[in-house]
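Throughout, protein chains are lettered first and strands after them, A, B, ... in sequence-line order, and every chain is numbered starting at 1. Values in this document were obtained by computation on a predicted structure and should not be read as measured data.
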Protein chains: 2
Amino acid sequence: MAVREGRTTVASRSGAATIAEVAQRAGVSPATVSRVMNGRFVGEPQVAERVRQAAAELDYSPNHLARSLALGETKAIAFLVPDLSNPAFQAVLSSLSKTAAKDGYRVLVVDSGESPTEEPLLAAEARRRCDAIVLCAPRMSEDDLVVAADALRPVVVINRQTSRVSAPTLSIDYRSGVESLARHLYDLGHRHLVFLEGPEGSVSNRARLLGLEDFERSTPDVRLDRLPVGAGSEDGLLAAGDVIATGATAALAFNDLVAVGLIGGLVERGVRVPEDLSVTGFDDIPFARYISPPLTTASVPHEELGVQAWSRMRSLVRHETPEHNVLFQPRLELRKSTAAPRA
Amino acid sequence: MAVREGRTTVASRSGAATIAEVAQRAGVSPATVSRVMNGRFVGEPQVAERVRQAAAELDYSPNHLARSLALGETKAIAFLVPDLSNPAFQAVLSSLSKTAAKDGYRVLVVDSGESPTEEPLLAAEARRRCDAIVLCAPRMSEDDLVVAADALRPVVVINRQTSRVSAPTLSIDYRSGVESLARHLYDLGHRHLVFLEGPEGSVSNRARLLGLEDFERSTPDVRLDRLPVGAGSEDGLLAAGDVIATGATAALAFNDLVAVGLIGGLVERGVRVPEDLSVTGFDDIPFARYISPPLTTASVPHEELGVQAWSRMRSLVRHETPEHNVLFQPRLELRKSTAAPRA
DNA sequence: GGGGCCCGTGAAAGCGGTTTCTCGATTATG
DNA sequence: CATAATCGAGAAACCGCTTTCACGGGCCCC
């Protein structure tokens with residue numbers, strides 16, 4: 001006892017009672033204590049009572065680490081995300097965490113800082129600590145993703161729709177979503193639009209671009225400019241000048257954050273929304289309806305993504321077959337930031 | 001080997017190579033493999049090379065669980081929060097996670113769902129999985145907190161300033177913050193204010209109420225109404241009617257979320273902000289400056305809270321003495337949602 | 001040339017649980 | 001009354017890794 005000093009690291013020697021101590025105090029074997037603690041005890045009730053008594057007296061609770069090692073499961077899942085400060089991802093995390101908790105699972109968060117190259121390593125490291133991992137909007141290359149989805153199993157992938165990955169996948173149809181937004185603007189009478197592009201590497205940005213191409217093909221009498229902007233409010237704010245310069249009557253922002261920043265920048269410059277310029281976002285973050293003017297956007301069910309992700313994850317860890325993949329269709333949320341262009 | 005079937009749970013039997021297998025393949029003992037993997041090897045270089053080779057061939061990486069058990073540390077900390085969907089808490093988590101990651105620590109999130117009674121249990125459970133825990137704005141009673149702060153050590157407490165807890169504490173001076181906001185409104189000429197109260201049990205709400213009492217004492221010629229509202233945008237939206245009914249010329253919202261909701265509700269009813277009614281928030285969430293009108297609020301350094309929390313946590317896990325506690329002073333962020341009342 | 005010292009490596013004892021097996025003591029059965 | 005079946009509980013192996021301790025071999029020095 002006195003031998004191993006200075007190794008008073010964590011829960012170990014810092015007072016936490018061990019199963020052996022409880023066993024000794026109750027005058028039984030560790031095996032019996034284990035059985036009592038896990039409700040697998042079938043012997044004489046008084047023995048169980050003695051054990052419970054001893055456990056209570058020592059304020060014993062099983063070492064989670066040791067238990068996990070013996071059992072081979074941690075009751076935790078990892079959540080890898082490119083940027084935890086993005087409200088959209090926070091919403092997914094929040095609902096995932098709440099949902100998983102109902103089944104006794106905890107979530108370990110890992111922020112990759114938008115680095116496509118770090119991601120596979122971080123994922124592997126995180127995965128080794130947990131029973132499974134959720135890859136949320138991974139930025140890694142498709143080849144890496146295919147490999148990772150296999151190597152990290154059980155895995156659930158959010159927002160990277162690919163037939164090549166074997167893991168359950170939940171995605172958003174950005175392509176059709178942005179097309180709907182564009183069409184909405186077109187129907188209002190806009191013929192000159194501008195799209196504020198997201199981060200260069202972003203897969204969902206490419207999906208939006210595809211959607212806009214679809215739109216252009218089906219409506220040749222429209223002009224659609226593209227502006228490299230980014231994914232944050234700051235980016236939208238800074239882009240205001242460029243947007244005005246295009247002369248477009250309506251702007252499609254990469255997401256709500258960008259839209260909010262853009263509106264702020266426009267207002268600063270005396271451009272009225274929607275009278276002078278219509279603006280749309282994407283995501284329908286909680287704030288979208290509260291800013292003024294309330295933002296017309298494409299609603300993405302972030303909470304639902306978290307719930308569904310866990311639902312599939314639960315199936316996987318139980319060795320059941322997970323539900324089908326789904327491609328969520330964004331819902332047009334028409335509010336006040338869009339209107340017909342001035343005559 | 002064939003004996004233990006059907007226990008193919010996690011990283012265990014699912015293909016992951018063990019240190020023993022690597023050792024065997026390299027023709028050395030597990031001890032040597034361990035030393036090589038941890039850079040503690042001092043023997044012949046070719047032996048190390050053989051080990052590395054074998055490890056690579058088997059795609060070996062140490063089982064984190066087993067390692068943690070042997071070492072007595074998990075390199076993970078828990079983060080307990082009342083409601084993960086609150087942007088203020090998300091900001092803390094985000095920066096805490098990023099900061100801790102630089103030292104190789106991961107964060108396990110636990111959402112207590114605003115339950116004061118569940119909290120101590122959740123905290124204990126989470127703590128047992130990690131090396132330490134951050135209690136963010138705990139809702140538990142002060143007695144519980146005092147006990148928890150001791151039992152869960154190492155602990156860092158955010159937003160519950162108490163001389164009775166021994167753990168490092170980071171807090172916000174809501175009391176003086178709200179007083180500053182009230183004074184700002186007073187200086188603009190407002191003499192009839194209304195405060196939109198936060199959740200009943202919230203300690204920070206009580207602090208705000210104290211600050212307002214200070215304010216009332218020092219400025220007797222002001223009328224200050226109080227309205228039970230809540231902490232979310234929805235609550236603010238619903239309170240709009242009541243706020244108007246008070247006849248006040250300025251409203252102090254519990255936080256930015258409430259303020260945003262309130263403004264939305266006011267605009268719906270044709271009440272202009274700030275011409276007809278001034279509105280202030282609290283927190284300075286990222287959106288505050290982007291809504292329109294940009295929100296006058298008291299800025300709270302959430303990112304800094306995360307950074308400082310980790311800084312203290314790091315000291316604790318290293319058995320060093322943590323930096324001093326700090327009481328952050330909110331900074332008045334004067335924007336466009338407040339103005340002089342109409343004459 | 002023999003004894004003492006390093007040096008490199010392995011054996012084994014943990015870390016704190018879970019679980020299979022086994023065994024002695026009852027109880028049921030012929 | 002002998003023996004089989006049952007039951008309660010413990011011994012020990014195991015999960016996978018770390019680390020202390022011990023041991024054998026080569027080198028140095030007297």
Side-chain angles (χ1 to χ4, degrees), chain A residues 1 3-24 26-51 55 58 60-75 128-129 131, chain B residues 1 3-24 26-51 55 58 60-75 128-129 131:
Chain A
M1 207 73 203
V3 177
R4 41 188 307 292
E5 255 290 343
R7 194 133 155 297
T8 317
T9 357
V10 210
S12 60
R13 201 72 268 144
S14 32
T18 73
I19 198 172
E21 291 166 5
V22 176
Q24 185 173 13
V28 299
S29 76
T32 298
V33 176
S34 172
R35 287 190 269 252
V36 171
M37 297 301 292
N38 295 299
R40 295 197 212 309
F41 184 80
V42 286
E44 305 195 7
Q46 31 174 323
V47 173
E49 193 40 50
R50 268 212 325 276
V51 170
L58 294 173
Y60 169 76
S61 75
N63 178 315
H64 201 275
L65 235 43
R67 203 151 184 281
S68 296
L69 182 59
L71 254 30
E73 67 168 355
T74 65
K75 290 277 185 182
R128 283 203 305 275
R129 298 170 163 250
D131 297 343
Chain B
M1 210 68 199
V3 177
R4 41 189 307 294
E5 254 293 342
R7 194 137 155 291
T8 317
T9 355
V10 209
S12 60
R13 203 69 267 147
S14 32
T18 74
I19 198 172
E21 291 167 4
V22 176
Q24 184 173 12
V28 299
S29 76
T32 297
V33 176
S34 172
R35 287 190 269 253
V36 171
M37 298 301 291
N38 294 299
R40 295 197 210 309
F41 184 79
V42 286
E44 305 195 7
Q46 32 173 320
V47 173
E49 193 40 50
R50 268 215 323 278
V51 170
L58 294 173
Y60 169 76
S61 75
N63 178 315
H64 201 275
L65 236 41
R67 205 154 182 279
S68 297
L69 182 58
L71 253 30
E73 67 168 355
T74 65
K75 290 279 187 177
R128 283 203 305 274
R129 297 170 163 250
D131 297 343

Could you state the [atom1]-[atom2] distance from [X] to [N], rounded to the nearest angstrom?
{"X": "A:Phe41", "N": "D:dG8", "atom1": "CZ", "atom2": "P", "value": "8 Å"}
{"X": "B:Leu69", "N": "C:dC15", "atom1": "CG", "atom2": "P", "value": "9 Å"}
{"X": "A:Leu71", "N": "C:dT20", "atom1": "CG", "atom2": "P", "value": "11 Å"}
{"X": "B:Ile19", "N": "D:dT18", "atom1": "CD1", "atom2": "P", "value": "5 Å"}
{"X": "B:Lys75", "N": "D:dT18", "atom1": "NZ", "atom2": "P", "value": "13 Å"}
{"X": "A:Glu44", "N": "D:dA9", "atom1": "CD", "atom2": "P", "value": "5 Å"}
{"X": "A:Arg40", "N": "D:dG8", "atom1": "CZ", "atom2": "P", "value": "17 Å"}
{"X": "B:Arg129", "N": "C:dG17", "atom1": "CZ", "atom2": "P", "value": "15 Å"}

Discussion item. Donor-acceptor pair, distance only, cut-off 3.5 Å: does the side chain of B:Asp131 make one with the backbone of B:Glu73?
Written reply: no
Worksheet item: Reckon A:Val33 touches a base, only the sugar-phosphate, or nothing at all at heavy-atom distances under 4.0 Å?
Response: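 Here A:Val33 touches no strand at all.
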Worksheet item: How would you label the contact of A:Thr32 with the nucleic acid (heavy atoms, under 4.0 Å): base, sugar-phosphate, or nothing?
Response: sugar-phosphate
Worksheet entry | Of B:Ala31 and B:Ala66, the one whose closest DNA chain D nucleotide lies more 5' |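 Between the two, 5'-proximity favours B:Ala66.
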Worksheet item: Considering only heavy atoms from C-beta outward, does the side chain of A:Phe41 approach that of A:Val51 to under 4.5 Å?
Response: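 Contact flag for A:Phe41/A:Val51 side chains = no.
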Practice prompt. Nearest 0.5 Å please: distance from the CD atom of A:Glu21 over to the CG atom of A:Leu58.
Written response: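 These two atoms lie 6.5 Å from each other.
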Fill in: Nearest heavy-atom neighbours spanning A:Leu65 and B:Leu69
CD2-N, 3.8 Å
Selected nucleotide, minimal atom distance to [X] side chain, candidates [options]:
{"X": "A:Val47", "options": "D:dG8, C:dG17, D:dA9", "value": "D:dA9"}
{"X": "A:Ala70", "options": "D:dA9, D:dT19, C:dG16", "value": "C:dG16"}
{"X": "A:Asn63", "options": "D:dG10, D:dC17, C:dG17", "value": "C:dG17"}

Item to complete: State, without any angle test, whether A:Arg129 and B:His64 hold a side-chain donor-acceptor pair at a distance under 3.5 Å.
Response: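 Distance-only check passes for A:Arg129 and B:His64.
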Item to complete: Tell whether A:Arg35 reaches the base of D:dG10 with its side chain through a donor-acceptor pair below 3.5 angstrom.
Response: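 Pair found.
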